[in-house]
Every structure is written in structure tokens, then in C-alpha cells.
Amino acid sequence: MTATPRTSSRRRKVAVVGISLSDCGRVDEATPYTLHAQAARRALADSGLDRSVIDGLASAGLGTLAPVEVAEYLGLRPRWVDSTAVGGATWEVMAAHAADAIAAGHANAVLLVYGATARADIKAGRRTSNLSFGARGPLQFEVAHGHTLVAKYAMAARRHMHEYGTTLEQLAEVAVQARANAALNPEAMFRDPITVDDVLSGPVIADPFTKLHCCIRSDGGCAVLLAAEEYVPDTAKAPVWILGTGEHVSHTAMSQWEDFTVSPAAVSGRLAFERAGVGPEDIDFAEIYDAFTYMTLVTLEDLGFCAKGEGGPFVEEKGRLPVNTDGGGLSACHPGMRGLFLLVEAVRQLRGEAPGLQVRRPDGSLPELAVASGTGGWFCSSGTVVLGRG
């Protein structure tokens, strides 16, 4: 089937038809472009479709003109592009934009693709750590006070601890469970078990976060191919449908963040669930951006899996809701803007293809509904996607 523009006013259903990871973890010999191409080829092969169906491309984080340079490297000439860049939430927001474009007939099949050599670049001295995202605009008023990205998340965590009595042990449980999931995943970068004491006794990065409260640094990439419903009969795998999406931005200056204990997922999640026609109680598992342990805890609250302030006790109840089933950014991989990996893992779970922990419903059947929620910046942005199979 070849891509042809549509003019029909009927909104089409949109499915994830192809997914893949590139080589991940420790990848010393590849460039980011190599990882983009590797992931794209594998996702296309996973879909069973011909590359000629791809008429849309979403890319961010690489080069001067990300979608233009990546498209040329991949040998694509897309008629629809997106280069939205809102940090880790980028890919959930891009998936929302792509799904809307396909539903409206502006594109037929959109490739979302990402790759980064964040770890290898540090090891080779090609890049160094940065204390701030920038010293112009609103951020200039915070740079002088040492407000690094990790410090901002740490401040927010401390506020939640103050407001609701959340403990360091509860935050540590997030890291422990992520590592337990990673231990079952042969693709995860770190798989050795850890304990709450291991987390608490580590070197402090930004109070209250120790090293194991923070995401790992890895290399890697992945790709997701979305397509209109009429392409599904030609695909190699069962479709996973995009049921609802939401996006929201909150602030850039910490002084403009009204409540450190509420993330933008409170809005993006509500919108995604409303548009999907489901609620948190219907969801079988969640893939949540976890650059830091507090992100998981507060996003669970804001998506409605527990009440505000109850995230601490919630994460202590192991098995209540499978979260970050591949090990997340805390243990599996985190090459930068990790949001696209959440979508890949969600689709794998819904297909029953997870390489490690495979979620099952109480009756032993495969999960039906999933939510992937990405966070960008320092809780500045959020994108949430509800996915379902069948």
C-alpha cells in the first residue's frame, strides 16, 4: 500500500503498527544518526509495511534542523513534520500531534524516531555536564542561585515531604521496584538488585536525592510508527490503538510554579483519559517518565491512581499497579529525552512481547489498556497517551 493524501472529513482511527529499540546501554562506536537509522529500520521491519507508506516524520534533539536532517539521513521526504521539543515529554506530545494529523487525513503514516549517545559522549570527552539549560530569558534569574535541573526536582520532592509526610524510604522504593523490573529485562543496563538501604546510603546528588534516586546515563534510541486504520490489515503485528492524548505546560521559572506537589500530568492525564473514555481504574499498567524517583510518585498521584499526598503509601504497595515494567530510566536506559521508550514498552506489553516482566490481568490474559506519561524540563511539560489493543 502506498501513501496517498486523504480529503475525507471522517476522522480515522490511528494505531501503533511498528516499534523498535536501537542498540542501547553502552554503545561506544555509533553516532546518534546511526541509532536513529537502526531504530527506524527495525520499527519498519516490525510493522511489515513498505517504507513508501511513511509520509510523516517527528524528530527532536539532533542537529540544527532536526526533522530535516534526520529525514535526509533516513532517505525520507515527508510531507508532514513535527519538531516539537518540550524535554522528556516531547514524544508523547509528538504522538498526540501525529495521531491528530493522521486522523484528519494530513498524513497516513508517521515515524517518531530518536537516538542519542549521551553516555558515550561523556566518556569520550565530546560533551560535559551543564549546570543550566540557559542564562537568558526567565532562567537568568535562577542560574545565579545554583538551580540546576536536579536541584529543582529535589526542591519539589522536599516540598511533597513537607506537605504530606512522604518519606525518603518511600521515594527509595520507587528505585528499588524499578531495579526489580530491570532485573527481569535482558535489555536493561543495570540489573543487580538494590535495597532501600542501598538507595539511602548512596552519595548525595541534591538533597534529598542520592545517586540511586536519579536516572542512569546511557546510549540508545528507539522508533515508533503510527498509521491510519486502513493500513492495519497489511501489518505484521496486531495493532495497538491510540485512544486518547493530552498535553500541558506549567512553567519555566520555579517562581511561577503554583504548587511544587502538582505536575502538569494532572492536566494532560485528565485530558487523555477523558478523550479515551476511560479512567485510571481501567488501566492495567503505567509507563511513567522517571528521571528521578519523585517524578514517578507525583505522576501516579496526578494521573489519578491515588489521591494527592498518598503517593508514598501507594508505591510501597508492591503489585498494586505495574509501573515502568522495563526498569525505566532509573535502571533500564536513559539516553536523554526518554519519552519515546515509554511508548515502545507500552506497546510491547499490550502485544505480549515484553522481553522481561510481562504484565497479565488477574485472569491471565494480556493487558488491554495502558497509559504512557512523559515529563519534560523540571516538571515544565507533560504529555499523556492512553493506548489499547483489540
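Only heavy atoms go into these numbers, but all of them, side chains included; no hydrogens, no water, no symmetry mates. Positions are given from 1 along the sequence.
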Does this structure show an ion pair linking [X] with [Y], if we count only N-O contacts that are shorter than 4.0 Å?
| X | Y | answer |
| --- | --- | --- |
| Lys308 | Asp259 | no |
| Asp198 | Lys211 | no |
| Asp100 | Arg275 | no |

When rounded to the nearest 0.5 angstrom, what is the spacing between [atom1] in [X] and [atom2] in [Y]?
| X | Y | atom1 | atom2 | value |
| --- | --- | --- | --- | --- |
| Asp82 | His97 | CG | NE2 | 6.0 Å |
| Glu345 | Cys222 | CD | SG | 11.0 Å |
| Arg41 | Ser20 | CZ | OG | 10.0 Å |
| Phe285 | Leu387 | CZ | CG | 7.5 Å |
| Thr31 | Asp219 | OG1 | CG | 11.0 Å |
| Phe314 | Arg320 | CZ | CZ | 5.0 Å |

Under a 3.5 Å distance rule, please check whether [X] uses its side chain to pair with a backbone N or O of [Y] as donor and acceptor.
| X | Y | value |
| --- | --- | --- |
| Gln256 | Ala253 | no |
| Tyr289 | Arg338 | yes |
| Asp290 | Gly329 | yes |
| Trp91 | Leu112 | no |
| Arg42 | Leu21 | yes |
| Arg119 | Gly25 | no |
| Arg126 | Thr117 | no |
| Ser365 | Arg361 | no |
| Asp282 | Gly279 | yes |
| Glu92 | Ala372 | no |

Evaluate the side-chain proximity of [Y] to [X]: yes if any heavy-atom separation is below 4.5 Å, no if none is.
| X | Y | result |
| --- | --- | --- |
| Trp80 | Ile102 | no |
| Tyr164 | Thr261 | yes |
| Val53 | Asp234 | no |
| Arg348 | Pro355 | yes |
| Leu62 | His36 | yes |
| Met254 | Pro138 | no |
| Asn185 | Arg191 | no |

For the student: nearest non-hydrogen atoms of [X] and [Y], plus distance:
| X | Y | value |
| --- | --- | --- |
| Asp326 | Ala188 | O-CB, 4.2 Å |
| Ala60 | Thr90 | CB-CG2, 4.0 Å |
| Ser382 | Ala265 | OG-CA, 3.3 Å |
| Ala154 | Pro208 | O-CD, 3.6 Å |
| Ser218 | Met189 | CB-SD, 3.4 Å |
| Leu343 | Ala95 | CD1-CB, 4.1 Å |

Relative to each other, are the rings of Phe379 and Trp257 parallel, tilted or perpendicular (30° and 60° limits)? tilted
Aromatic ring pairing Tyr114/Phe341, orientation class (parallel under 30°, perpendicular over 60°, tilted between): perpendicular
side-chain hydrogen bond (donor to acceptor under 3.5 Å, both in side chains) between Thr195 and Asp197, worked out: CA-CA 5 Å; Thr195 66; Asp197 287 342; 5.1 Å; no
If hydrophobic clusters are built by linking Ile, Leu, Val, Met, Phe, Trp and Tyr wherever their side-chain heavy atoms come under 4.5 Å apart, do [X] and [Y] end up in the same one?
| X | Y | result |
| --- | --- | --- |
| Leu168 | Val298 | yes |
| Leu342 | Tyr153 | yes |
| Tyr294 | Leu149 | yes |
| Val278 | Leu321 | yes |
| Met155 | Val150 | yes |

Check the surroundings of atom [atom1] in [X]: do more than 12 heavy atoms from other residues, nucleotides or ligands lie under 6.0 Å from it?
| X | atom1 | result |
| --- | --- | --- |
| Glu29 | CD | no |
| Glu258 | CD | no |
| Glu163 | CD | yes |

Side chains of [Y] and [X]: any donor to acceptor distance under 3.5 Å?
| X | Y | result |
| --- | --- | --- |
| Glu301 | His160 | yes |
| Ser263 | Asp302 | yes |
| Glu287 | Thr325 | yes |
| His213 | Thr293 | yes |

Working for salt bridge (charged side-chain N to carboxylate O under 4.0 Å, His left out), residues Asp284 and Arg389: CA-CA 12 Å; Asp284 293 310; Arg389 66 182 184 88; over 6 Å; no
Applying side-chain contact (heavy atoms from CB on, under 4.5 Å), run through Leu44 and Ser47 and close with a yes or a no. CA-CA 5 Å; Leu44 187 62; Ser47 75; 3.9 Å; yes
Would Val93 and Ser381 satisfy side-chain contact (heavy atoms from CB on, under 4.5 Å), going step by step from the backbone distance to the final call? CA-CA 9 Å; Val93 172; Ser381 63; over 6 Å; no
Report the C-alpha distance between Val371 and Thr384 in whole Å, list the side-chain angles of each, state the deciding distance to 0.1 Å, and finish with yes or no for side-chain contact (heavy atoms from CB on, under 4.5 Å). CA-CA 7 Å; Val371 64; Thr384 302; 3.4 Å; yes
Centres of the Phe292 and Phe209 rings: under 6.0 Å? yes
Taking the six-membered ring where the residue is Trp, are the ring centres of Phe260 and His251 under 6.0 Å apart? no
Can you see whether Phe190 has Arg217 sitting over its ring - NZ or CZ less than 6.0 Å from the centre and within 45° of the normal? no
Considering only distance and modelled atom types, tabulate donor-acceptor pairs under 3.5 Å from the side chains of residues 174-184, sequence neighbours left out.
unit_1	atom_1	unit_2	atom_2	d
Gln177	NE2	Asn181	OD1	3.1
Arg179	NE	Ser331	OG	2.8
Arg179	NH1	Asp192	O	2.8
Asn181	ND2	Val323	O	3.0
Asn181	ND2	Asn324	O	3.1

Apply side-chain contact (heavy atoms from CB on, under 4.5 Å) to the pair Trp241 and Leu350, showing each step before the final yes or no. CA-CA 10 Å; Trp241 302 98; Leu350 291 169; over 6 Å; no
